[in-house]
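Note that the coordinates shown come from a computational prediction; the quantities given were computed from them, not determined experimentally. Below, read A as the first sequence line, B as the second, and so on, with proteins coming before strands; counting in each chain starts at 1.
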Amino acid sequence: MARRKEAECPILVYPGKCTGCRTCQVRCSIRQIEEFNPMKSYIIIRREHGIRTTHIELTDDCTWCGYCARFCAYGALELKKSAKKEAM
Amino acid sequence: MQTFGYAGQILFIDLSDRKIRREPLDLDMAKQFVGGIGMSSRLLYDNIEPRTDPLSPSNTLVISAGALSGTVLIGANKTDWSSKSPLTHLVQTALSSGFASHLKWAGYDAVVVTGRANRPSYVTIFDEKVEINDAGDIWGKDTYQATNELWEKYGDNCTIACIGPAGEKLAKISMAYVDRISTVGREGSGAMFGSKNLKALVVRGTRGIKVANTEALLVKADELYKKYLQDPLLKEWMSLGTTIALENYGQIGNVVWKNWRESYPLDKHISRFGVQAFLSVRDIAIPCVGCPLGCKILYKIREGEFSGIETPQSCNVGAAISYGSRFDLQNYNQVIKCHDTANRYGLDSIEVGSTLDFVIDLQEQGIVTKEITDGMELKRDVNTILFWMDKIVKREGFGDILADGYPGLFKALGKEIEKYAIHRRGSSPDFDARGVFGSEAFGGAVGIKGPHCQLALGLTVLPGRRLEGLKKYAQTIGMPQEAIDRVFSGQSGFNAARLCKYVEAWNTVLNMMGICNRPPLVRLYDLPLLAELYMATTGVGLNPEELLIAADRTITLLKMFNIREGANRNDDNLPERYFTEPLLLLGKESWLSDYYKTRRLSKEDFGQMLNDYYEERGWDTKTGVPTKETLMALGLEKT
């Protein structure tokens, strides 16, 4: 598969705002693999010692569907304006 | 067999003979007890011998995930932890955050831990791989150190329940902590872990769970999320967590000092531990899995005394009350230092605060001399708290007595001091009934786990609610009309004792589902919705009435557990002093009265309230024991 251009990703990531609630991971798993299984989701959140988020990664499997960003209550994931309508 | 919503297995771990086995979840049992405290009640009752010494290998720890835990529903992340309490010798049930989701993703709805490891151990549960490991490297370390080391070893994507030195030393006022932040509180859960040589449980799940009707569940989940965003107090809750309640608590007699003799001055309480002080030490939110609320936070002391401390906090108003006002601490930094120390040691801050305050009061009255307290005069200051917490976890001198809480003090100093103590079965209440006598304080008197009344928490936590509001609330929590008629009758038009049964039922349903009871989350749910969500998740049909019956079944089975342990009507009581002296509340005498403060209550009045509560529950009014008819109606006749 040809490598995607990251600049075209419709999801904006603001790591400093992430609280590590992992709602995005849980949502992604039910959307993509039809089970609640965040360890297999296409977004990875790491929270060091249970407190500070140190890592947000959209994996190579991520389809850029933007579903995760719809449920980020902390503003760490946002959809670019152009992508919002499509993700709804 | 494919199960939906439920993981489909129960894990049994015998630490004595290091045997691990799995049993398929009995779906009939699941339908009877749903999950959380319900499933725990059945598993605990069936897997523990009567009159078991709670610190012996025969005690059993049951961990049960809520039925909706592990899904994407807001606030559905709760875990029940049940055993026989080393402190109260009644059932110990605690509702922690975390753990449940990973447990279910790993493939288990519940875990039953029995026996005692022959050396310090911790258990790892990684899907089907379950192991009992040597804890030699982390035994003796505090909860933060030990949990961090386990995260370093196994990765930061697992959830960990861990005890500190207090639990290892079998202090009856100890607790286990989940992910360093959430408490397995209260009633001495840490000592129960310690008695099993069990330092920690580590869980990571990658097997996931499927639900019966994904589409229906997600539609509802999305609706809940939208509704949640419209909560008018959302911003305040996200910013303040439980500190949002601090000022109200100060006004209702929930912020007391001098051994529950008087409320702490409200102006000092607000200026030292109120919103502004809290915000100056609040750093970031630390939400539970899948929770947009993030009421748990990280404290960070940026300047001044104890500068540099960073420590997580679950219920921030609790620390301000347990330490700040009780000990007249000078600033929030001192509160944080005490909280951080207690968390690291794995102590129960409420019991530490209450029992130390009790001893100080006895010393001020000349009842306890300095000789008993190792030649020390106990004072209301930060150094006294820190000094004695250290002695408690080392079990040195008088600290050895304090480690066992009120029962330890009564045993060492004489039963006659008990009349000065505010406790039930050796544990401190959450609410003073002389301030507000709603379902919460009454729940503290009759609750199956002692005076910690998490199951009775409802609308009457605040005084003077309008009757119309209470009636609406009664409908929301699913009370049948005939029960509403009984609750809203009598002299003041309202009977808190009768209401208590239904508040307990509602909170039990939330618990069984694994839903957190923080107000912005509870407000999202009602019984018909929970029945719908349960159906979409598990495919099991239980209507709202059946959910309430499952809750009654649970409470009654836990009551039978307590009866089996020798508890009787006399154990459902209020502290003696409530009947003989008022609480000095904001400078005025506040006597034990009915909810609307229309008249003072005597012991006889309280006895009638007990009768009302028992009658509502179908328990014998003379003995407090569930009647045969009630047991049969609940399907517990073989219990």
Side-chain angles (χ1 to χ4, degrees), chain A residues 13-59 61-63 65-79 84-88, chain B residues 4-5 69-74 77 98 101-102 104-106 127 144 147-149 151-152 155-160 178-182 204-211 214 217-218 221-222 225 228-229 234 238 283-294 296-298 310-312 537:
Chain A
V13 180
Y14 303 99
K17 292 184 179 179
C18 178
T19 61
C21 77
R22 288 152 289 173
T23 300
C24 53
Q25 280 188 289
V26 182
R27 283 277 180 178
C28 173
S29 67
I30 193 68
R31 173 82 163 218
Q32 298 294 353
I33 59 172
E34 296 185 356
E35 59 184 41
F36 292 107
N37 194 351
M39 297 295 287
K40 292 184 177 171
S41 80
Y42 300 161
I43 181 168
I44 296 169
I45 305 293
R46 294 225 169 98
R47 190 157 75 170
E48 190 183 38
H49 292 171
I51 293 175
R52 292 186 193 280
T53 299
T54 54
H55 182 84
I56 303 178
E57 178 190 344
L58 304 178
T59 70
D61 292 322
C62 173
T63 62
C65 75
Y67 187 64
C68 55
R70 281 176 55 192
F71 302 98
C72 181
Y74 302 97
L77 299 174
E78 277 185 11
L79 279 177
K84 270 188 181 171
K85 200 174 173 185
E86 199 176 322
M88 297 293 148
Chain B
F4 295 108
S69 294
T71 69
V72 77
L73 292 165
I74 291 184
N77 187 37
S101 299
H102 264 292
K104 286 179 74 170
W105 298 330
D127 297 341
Y144 290 8
T147 305
N148 286 346
E149 284 186 26
W151 268 325
E152 296 289 341
D156 47 25
N157 51 13
C158 41
T159 186
I160 299 169
V178 176
D179 294 343
R180 298 176 32 184
I181 187 166
S182 187
R204 180 174 52 233
T206 69
R207 293 199 277 199
I209 51 172
K210 289 184 186 294
V211 296
T214 304
L217 190 68
L218 289 182
D222 292 359
Y225 188 69
Y228 161 82
L229 292 175
L234 186 59
M238 288 182 79
D283 194 34
I284 56 171
I286 310 174
C288 303
V289 172
C291 184
L293 186 62
K296 291 178 168 58
I297 56 105
L298 182 71
E310 288 191 14
T311 190
T537 302

Is [X] close to chain A through its backbone or its side chain, or both, or neither, when contacts mean heavy atoms under 4.5 Å?
X	answer
I74(B)	neither
V289(B)	both
L298(B)	side chain
N77(B)	neither
D179(B)	neither
T71(B)	both

(message) Between D156(B) and H49(A) (side chain of the first, backbone of the second, donor and acceptor by atom type, cut-off under 3.5 Å), is there such a pair?
(response) no

(message) Using modelled atom types and a 3.5 Å cut-off, is there a donor and acceptor pairing between side-chain atoms of Y74(A) and backbone atoms of A285(B)?
(response) no

Do you know which of [options] has the most heavy-atom pairs under 4.5 Å to chain B?
options	answer
T19(A), I44(A), T54(A), T53(A)	T19(A)
E48(A), Q25(A), R52(A)	R52(A)
C72(A), S29(A), P38(A), C21(A)	C21(A)

Top contributor to chain A contacts, counting heavy-atom pairs under 4.5 Å, from [options]:
options	value
I181(B), L229(B), T147(B), L218(B)	L218(B)
V72(B), N157(B), I286(B)	V72(B)
Y144(B), W151(B), Y228(B)	W151(B)

(request) Answer yes or no: does atom CD of E34(A) have more than 12 heavy-atom neighbours from other residues, nucleotides or ligands under 6.0 Å? (result) no

(request) Check each atom of C24(A) against the heavy atoms of chain B and say whether the ones under 4.5 Å are side chain, backbone, both or neither. (result) neither

(request) Indicate the ring-plane relationship of Y225(B) and F71(A), choosing parallel, tilted or perpendicular according to the 30° and 60° boundaries. (result) perpendicular

(message) Within the structure provided, determine whether P287(B) and R47(A) are in side-chain contact (heavy-atom separation under 4.5 Å).
(response) yes

(message) With rounding to the nearest 0.5 angstrom, report the SG to CZ distance, C291(B) to R22(A).
(response) 11.5 Å

(request) In plain terms, say whether R27(A) and D222(B) are close enough for a salt bridge, that is, a side-chain N and a carboxylate O under 4.0 Å apart. (result) yes

(message) Using the rule salt bridge (charged side-chain N to carboxylate O under 4.0 Å, His left out), only one of K104(B), R207(B), K210(B) pairs with E35(A); which is it?
(response) K210(B)

(request) Could you please spell out the steps behind the side chain to side chain contact (heavy atoms under 4.5 Å, CB included) verdict for I284(B) and I51(A)? (result) CA-CA 9 Å; I284(B) 56 171; I51(A) 293 175; 3.9 Å; yes

